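Values reported hereafter were calculated over all heavy atoms of this structure, with side chains retained and with hydrogens, waters and symmetry mates removed. Note that the structure is a prediction, hence the values are computed from the model and not measured. Note that ligands are numbered from 1 as they come in the structure, with each ligand's atoms numbered from 1 the same way.
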Amino acid sequence: VLSELMEEVRKSVDQDVDGVEVLKELLGSSWLQSLLKVSQSASWLALLSAHDTVAQKDYEPALAPIPDELPDEEEATRVVCLVKNKQPLGATIKRNEITGEIFIARVIHGGLADRSGLLHAGDRIIEVNGFPVDGLEPEQVIQVVISYLKHLLYVRAMVDYSPQQDPSIPCADAGMSFRKGDVLEIVDQSDALWWQARKLPSSVACAGLVPSSNMLKRKQREFWWSQPYQPHACVQTCEFDSSHLLPVTRYFGLFFFCPSAGFRRSMRLCRRRAHSVTQASCHTRCSSSCSSALCCPYEEVVRHQRHPEDTHRLLALVGPSSVGVNELRRRLIEMNPAVFFGPIPHTTRAPRGYEESGREYHFTSREVFDNMVYNNRFLEYGEYKGNLYGTSIQSVKDILINGKMCIIDIEPNAIQAVRTHELRAYIIYVKPPPLERLRESRRESLITTNYYINRPFKDEDFQEMEDSARKMETHYGQFFDHVMVNNDLQDSCVQLLTAVTRAQDEPQWVPSGWIRPTPE
Ligand SMILES: Nc1ncnc2c1ncn2[C@@H]1O[C@H](COP(=O)(O)OP(=O)(O)OP(=O)(O)O)[C@@H](O)[C@H]1O
């Protein structure tokens, strides 16, 4: 460029253009020549390149997009961006108990919020970082702020992962293995493919490499398609879950005032019958466990402490058939019938002489029952001897709304139905003890099977229980909040009581969607 310019100047000198002599002198000066040499040196070019890269980045905090539905008056809603340093924010919040709206209670003089001039006592908070806060407890709003400020993400792993068996990991030694159900603190998400995480509870400062959510989904899809003839994990789930073809509940006869051991047998027969005759596609049958893991290998969770005024969490027991979930549930209710309740099921069967609608069952017509099924009003339902039986979501809610603890036992395929923002189920998995202990502890106990009511346990019953426990853990283990071994019955009752008390009174990891409503 310079030589072209010099040539132009030379031509202008020949044409005696005004002032060009000065320009010629300037261009020929030694300092300009030195400057030009420097400008072509590698370090100068690197400096310029660094400048351009940095200049292109936007270091200003980005404001959340302005909500679509702003009130008419232009100034009624303000979008405020506070960049927090290590000082406290200097503002407190309160909730209007009637409307559930969240307000700034006070702004501390001289604090960050005060100095920003952006927050004032009495301002109503509508959203924090995109999460609507109406109806949340102040502690929950603070949770939302904290998790954003810390830029930390907590997830529950829905799958197992081992870096040693992953050829695509950049460095297996830097990788971190995890099992489904583990809670991970994701400390770095800057790489789209490999995140850095710590397993909780953790005392180690050093994080490990784990696949990002997208990476894990890709791996699962590749694995799925690469194994057409192999019985991969999902297929095993389907085979195991064939008992879930017909949804059924397993505890209708177990209210301690209800003399209906026969009915309980009916439900078991119903389940087993479904096992043998009904056919369904793999997709239908394993939707709750497999596809959810496929589309969401990590579930975002937050640490949550139930507020004393909140309804209790639903307590849901799962376990292989005959492990003792009904027995444990019955004993828990018996121990404290003023606190623990089981929901009252619906049935289309005619009431017997001593039965009253709303006590043993809600007796309904088939039409009403079908309508409820159609409107997804049941957690589980099933048919036996031409009659329908089901546990409605409302019957569970009725107990919770009355401030009681609701305890149910469910088939594993109903886990997804109870893991909701409304019911916030705490899943307790009841596991059989090792074979030797099973033989010993069940020596005096009786089992109900397809063909016999109350016959002594046999070795094949124990074997079946162990097999089904193994498969249940493999396919649903990620959803278990607590695992207990039902060895000695007395000990198990104490363990269960401790677990359910903790579930209600101590902080727990729960899906973040239960605490922060997901924006529509
Ligand atoms: N820890 C235990 N020690 C000895 N016997 C037990 C123990 N737990 C349960 N039982 C007995 O085992 C039998 C089966 O228990 P229960 O009916 O509760 O099984 P379940 O898990 O509800 O199975 P299903 O859903 O098939 O009815 C019952 O007779 C029960 O009293």
Notebook entry, point to check: Stepwise, does the side chain to side chain contact (heavy atoms under 4.5 Å, CB included) test hold for Glu411 with Glu380?
Noted result: CA-CA 8 Å; Glu411 289 296 317; Glu380 290 184 309; 3.3 Å; yes
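With Ser441, Pro433, Ser445, Pro320 as candidates, the residue nearest to atom 6 (C) of ligand 1 on a non-hydrogen basis is Ser445. Relative to atom 7 (C) of ligand 1, the option among Glu411, Arg442, Glu327 with the closest non-hydrogen atom is Arg442. Here atom 16 (P) of ligand 1 lies nearest to Gly324 when heavy atoms of Gly324, Cys493, Ser492 are compared.
Residues Phe369 and Phe378 bring their aromatic ring centres within 6.0 Å. For Tyr389 and Tyr384, the gap between ring centers reaches or exceeds 6.0 Å.
Only the backbone of Asn487 comes within contact range of ligand 1, with a heavy atom under 4.0 Å; no side-chain atom does. Contacts with ligand 1 closer than 4.0 Å are made by heavy atoms of both the backbone and the side chain of Leu489.
The shortest separation from a heavy atom of Gly319 to ligand 1 is not under 4.0 Å, leaving the residue out of contact. Not a single heavy atom of Ile447 sits closer than 4.0 Å to an atom of ligand 1.
Atom CD1 of Ile415 sits about 5.5 Å away from atom CD1 of Ile410, to the nearest 0.5 Å.
A salt bridge does not link Arg470 with Glu473: every distance from a Lys NZ or Arg NE/NH1/NH2 to an Asp or Glu carboxylate oxygen is 4.0 Å or more. Checked for salt-bridge contact, Asp481 and Arg156 meet the test: a charged N lies under 4.0 Å from a carboxylate O.
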